[in-house]
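Not measured: the values here are computed from a predicted model.
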Amino acid sequence: ENPNVYLELCCSLLPRAEVAWMVHEVGAERLLFGTDAPWLDPRIMLGKVALCGLADEQLQLVLGENVLRLLEP
């Protein structure tokens, strides 16, 4: 309904299952990778995203392609 609204994963308390649920609800193309760095080790959130069961194409979108698309001039 709101094409300019994206979800961002900056939450150290977010379980892996919630990442998969977000992709199911809004699509991988509307999810942006984020961490609680520098307060927490960014590997924590990276691991949650990498191990939540997304397809390779979905991982590529969430882990970088989406933000690159948003930052294009």
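Partners of Ala50 by side-chain contact (heavy atoms from CB on, under 4.5 Å), not counting sequence neighbours: none found. For Arg16, there are no side-chain hydrogen bond (donor to acceptor under 3.5 Å, both in side chains) partners two or more places apart in sequence or in a different chain.
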Donor-acceptor list for residues 51-62 side chains, cut-off 3.5 Å, not counting sequence neighbours:
from, atom 1, to, atom 2, distance (Å)
Gln58, OE1, Ala55, N, 2.9

Which atom pairs, donor and acceptor, lie under 3.5 Å between side-chain atoms of residues 17-32 and protein residues at least two apart or in another chain?
from, atom 1, to, atom 2, distance (Å)
Arg30, NE, Val5, O, 2.8
Arg30, NH2, Asn2, O, 2.4
Arg30, NH2, Val5, O, 2.8

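Sorted by first then second residue, the side chain to side chain donor-acceptor pair (under 3.5 Å) pairs that include residues 62-73, not counting sequence neighbours, are Asn66-Arg69.
Remark: the backbone N or O of Leu14 is paired with a side-chain donor or acceptor of Lys48 at under 3.5 angstrom.
The CG atom of Leu46 lies 6.0 Å from the CG atom of Leu63; values are rounded to the nearest 0.5 Å.
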Worksheet item: Passes side-chain contact (heavy atoms from CB on, under 4.5 Å), Cys10 versus Thr35? Steps please.
Response: CA-CA 5 Å; Cys10 184; Thr35 69; 5.8 Å; no
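For the pair Phe33 and Val67, the minimum side-chain heavy-atom distance is 4.5 Å or more. Between Tyr6 and Leu70, some side-chain heavy-atom pair lies under the 4.5 Å cut-off.
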